[in-house]
Amino acid sequence: MAGVHTVEGHAKGGGLHTLLGDLDPKQQEAVLHGDEPLLIIAGAGTGKTTTLAHRVAHLITGGVNPARILLLTFSRRAASEMLRRADSALRRAEAAARAGGAPTNGGAERPPPMASIPAGSRVWGGTFHATAARLLRIHGRDIGLDPGFTIIDRADSEDLMGAVRTRLGLSRNDRRFPQKSTCLDIYSHCVNTRHPLEKALRTHFPWCAEHADELRRLFSGYVDRKAEGSVLDYDDLLVFWCGLLSDPAAGAAVRARFDRVLVDEYQDTNALQAEILALLRPDGRGLTVVGDDAQSIYAFRGATVRNILDFPTQFQGTEVITLDQNFRSTPAILDVTNRVIAQARERYEKDLWSRRPTGERPNLVTCCDEDEQTRFVVTRILEHREQGVPLRKMAVLFRAAHHSLTLEMELGRRNIPYHKYGGLKFMETAHVKDLVAFLRLAENPRDEMAGLRVLQLLPGVGPRRAAEFLGLLREAPGALSSSDVDSTEAPGDGSDAAGIPAPDVSRSDPAPSPGPFAAWHQVRPPEAAAALWPGLVRLMDGLSVADPGPPSVQVERVHAFYRPIAEGLYDSPESRLADLEALARLAVRTPDRARFLADMALDPPSWTGDLAGPPVLDEDYLILSTMHSAKGLEWDAVFVIHAADGNIPSDMSTGSAEEIDEERRLFYVALTRARDYLYVCCPFRYHTVPRRPADPFGYAQVSRFLSPDVRSVMGFETAEALLAHDTDGGTGEGRLAADRAGCVTVADIRAAIKSSW
DNA sequence: CTACCGGAACTTTTT
DNA sequence: GTTCCGGTAG
């Protein structure tokens, strides 16, 4: 390994050797690199996670205090995976050091880092947003931010934007004023890209350009409203973190917390995040970023690939290391994926290669229609399972969350367990939001959206009265007392706060203390709500005492109050109540309410996964995922479905060459998830999604990304052929397809393929 | 004021 | 199929 920077003097222990043993030379170089800014261009499947995890482990064995390392990842899942691997690397290094070179190593100068406390868990790890939230709780006061803030999710941000929009009368006069979600998109775009409104409108929302002035008023109203409620939306977390760092005193304090900063998936960061990094590490020393420009897929959210491309010029003395040996996929698969990405206009030239045996060609699978595609996928998946591939090592990927609907129904019918990533349904459901709103209101009585939601659950209480009752809280004297010992500076994943004694909550009569909801004792509720009102007040008072008990208990108490309301509100309350029980189980993991609420906003549970709880571990289940959520993951067999033009690239994103390029990279991400087997399915006939009575069917073409050049290295099969051989389902279901009136024949399909070249 | 009904317009990806 | 608006009855 020539050219390795041996800045760390102690890079010679037997332990370190083990640490590096599994890595290829370039990865080793990345792990051992010293203090200067480091950019790792890591192609798909090149062992990026391994490298980063080893680098963290290396830093720790080199004497860096884990609590002074900041690891910024794209999701919480990615962070914990990374830290888990760093720990196991550390453990191996430690074991080797003890076995081998222990005597020479002057004894107990360094305490053994792990054993009982995994070192990785003391590292600051998480998303930019989650990290911002933690830092702002600790340091926010220094810039005048109430540390008792609550975080509102996308839906609440939209509602708040909608409320301001209505109050400004923007929905009334002008019917064509953009709707609240678009408004929030524009706002968010401006904040994250740091572009002025005009530019944002011109480049991304030209149809809204005429409303620039109203939008400006709307946005400033939105900002004020958030300030009044002491709530932060996702963008605020970054904005205030950035502001915190810009403050001379507070900024210095935050900078002083960290010696090393490592950033994963750097290609998907935006201008604001880049600014945060620059403020955090002004000269780039101790900064490591990892990414792949070919996998940049979040431009729609303000991410810019310029961050990664310009990194070397931004920080003097940057070392760039490119990882291009792929350890994941077979050469046959790489041959396809390299050709797909080669069509991109602007990119780092970087073809991935592999030492693995060639493997099977990826197949382009043509299907008559969606049903046939579904049956093909299920049949082939079961075949693979017969051959010994567990379900959890297979995944079905698609562009939009709803693309898997029919597949999900079929899986359900056949009792094949699955887990779907992407599409955040759980937190989106009304009943879950209802329940969480109670907790949020207790945490922050000024949280307007939470308050309105809670109050309007009562019969006879609409927007008007809800606003009135909520206003009473604002003048209340007892508001905002969370200033106490909140600054549990404990870094890592707050594993402290173990034994909070839960006070007997059955009858907590907080009569003496004028809590934040004291004003509600005087309220004379409307007739219809009279029966429920005292219960609500008692509940809120109980949740506002100094120690309201662990979140799971709080959820139960809200549940008790909410259940009869929900039962009257929804047609089939059973499944919804089950969700609420799942929520209570979920809350058990979190020691305190603020943390629980932050988690729910920043890292909402993906429905099925957490519903079932731990036992899911020994079950086998198929993975369904949007292409976006598949980032960073890998499976033995991957099925990409709905690979038709219009789905990928999505019709919504074919406006500009940039958008199409992003869709191409997204497709590339999907394909590069596969280790051994890859199927790309394209159904040719669609039942028209929006109602267009003239033409009940649409005929699709294969995605433009599957150019002749790409197809020349792919295999080809038809779903029909497989299903004909499928003995058990063949007679019944295979027939069904043929019976369907107007079904396309294989010849039609071939013709369609040819014409789409 | 709230609760409810009918018509209209819209449907990507996510911290 | 969905949500979002405006109108109306109580």
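Letters A, B, ... are given to chains in the order of the sequence lines, protein chains preceding strands, and every chain is numbered from 1.
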Against the side chain of A:Q179, the closest entry in B:dC10, B:dT12, B:dT2 is B:dC10

Regarding the side chain of A:S629, the nearest nucleotide among C:dC5, B:dT12, B:dT14 is B:dT14

For the pair made of OH in A:Y187 and P in B:dT14, what is the distance, rounded to whole Å?
22 Å

Sequence neighbours excluded, the answer for ring-ring contact (aromatic ring centres under 6.0 Å, His included) partners of A:Y266 is A:F311

Pi stacking test for A:F300 and B:dT12: under 5.5 Å apart, planes under 30°:
no

Using whole Å, report how far CD1 of A:I152 lies from C1' of B:dT15.
13 Å

Only counting residues at least two apart or in another chain, list the ones meeting salt bridge (charged side-chain N to carboxylate O under 4.0 Å, His left out) with A:R453.
A:D434

Of the listed nucleotides (B:dT13, B:dT12, B:dT15), which one gets closest to any side-chain atom of A:A401?
B:dT13

Which part of the nucleic acid does A:K631 contact within heavy-atom distance under 4.0 Å: base, sugar-phosphate only, or nothing?
nothing

Which residues pass the ring-ring contact (aromatic ring centres under 6.0 Å, His included) test with A:F258, not counting sequence neighbours?
A:W124

Please give, in whole Å, the distance from B:dT14 C1' to A:D233 CG?
14 Å

Taking donor-acceptor contacts at under 3.5 Å, does the side chain of A:R154 reach the base of B:dT14?
no

Do the ring centers of A:Y298 and A:H628 come within less than 6.0 Å of each other?
yes

Could you tell me whether A:F128 contacts a base, only the sugar-phosphate backbone, or nothing, with contacts defined as non-hydrogen atoms closer than 4.0 Å?
nothing

Categorize A:S75 for me: base, sugar-phosphate, or nothing, with a 4.0 angstrom heavy-atom threshold over every strand shown.
nothing

Nucleotide B:dT14, atom P - distance to CE of A:M427 in whole Å
16 Å

Test salt bridge (charged side-chain N to carboxylate O under 4.0 Å, His left out) applied to A:R440 - qualifying residues, sequence neighbours left out:
A:D156, A:D447

Only Watson-Crick and G-U wobble pairs, only distances under 3.5 Å, only runs of 3 or more: what stems does that leave for DNA chain C?
B:1-9 with C:2-10

Looking at residues at least two apart in the chain, or sitting in another chain, which of them share a ring-ring contact (aromatic ring centres under 6.0 Å, His included) with A:H195?
none

Nearest to the side chain of A:R465, which nucleotide is it out of C:dC5, B:dT13, B:dC1?
B:dC1

Salt bridge or not between A:E468 and A:R465? Use side-chain N to carboxylate O under 4.0 Å.
no

For residues 182-190 of chain A, run the donor-acceptor check on the side chains, cut-off 3.5 Å, and write out each pair with its distance to 0.1 Å, sequence neighbours left out.
| unit_1 | atom_1 | unit_2 | atom_2 | d |
| --- | --- | --- | --- | --- |
| A:D185 | OD1 | A:R154 | NH1 | 3.2 |
| A:D185 | OD1 | A:R154 | NH2 | 3.0 |
| A:Y187 | OH | A:K226 | NZ | 2.9 |
| A:S188 | OG | A:N192 | ND2 | 3.2 |
| A:S188 | OG | A:D235 | OD1 | 3.3 |
| A:S188 | OG | A:D235 | OD2 | 2.9 |
| A:H189 | NE2 | A:H204 | ND1 | 3.4 |

Phosphate OP1/OP2 of B:dT13 contacted by A:R665 side-chain N/O (<4.0 Å):
no

Which whole-number value in Å describes the distance from A:L272 CG to B:dT15 P?
17 Å

Proximal nucleotide (of B:dT13, B:dT14, C:dC5) relative to the A:R399 side chain
B:dT13

Nearest whole angstrom, please: distance from the P of B:dT14 to the CD of A:Q295.
16 Å

The criterion is ring-ring contact (aromatic ring centres under 6.0 Å, His included); which residues satisfy it with A:F398, sequence neighbours excluded?
none

Just by distance, with hydrogens left out, do A:Q295 and A:Y668 show a side-chain donor and acceptor under 3.5 Å apart?
no

Distance, rounded to the nearest Å, where A:E265 contributes CD and B:dT14 contributes P:
14 Å

Rounded to the Å, how far apart are A:M627 CE and B:dT14 C1'?
16 Å

Short N/O separations, protein against nucleotides 3-9 of chain B, under 3.5 angstrom:
| unit_1 | atom_1 | unit_2 | atom_2 | d |
| --- | --- | --- | --- | --- |
| B:dA3 | OP1 | A:G460 | N | 2.7 |

Want to settle it: does A:L238 or A:S653 sit nearer the 5' end of DNA chain B, counting the closest nucleotide to each?
A:S653

Please classify the nucleic acid contact of A:R464 as base, sugar-phosphate, or nothing, using heavy-atom distances under 4.0 Å.
sugar-phosphate

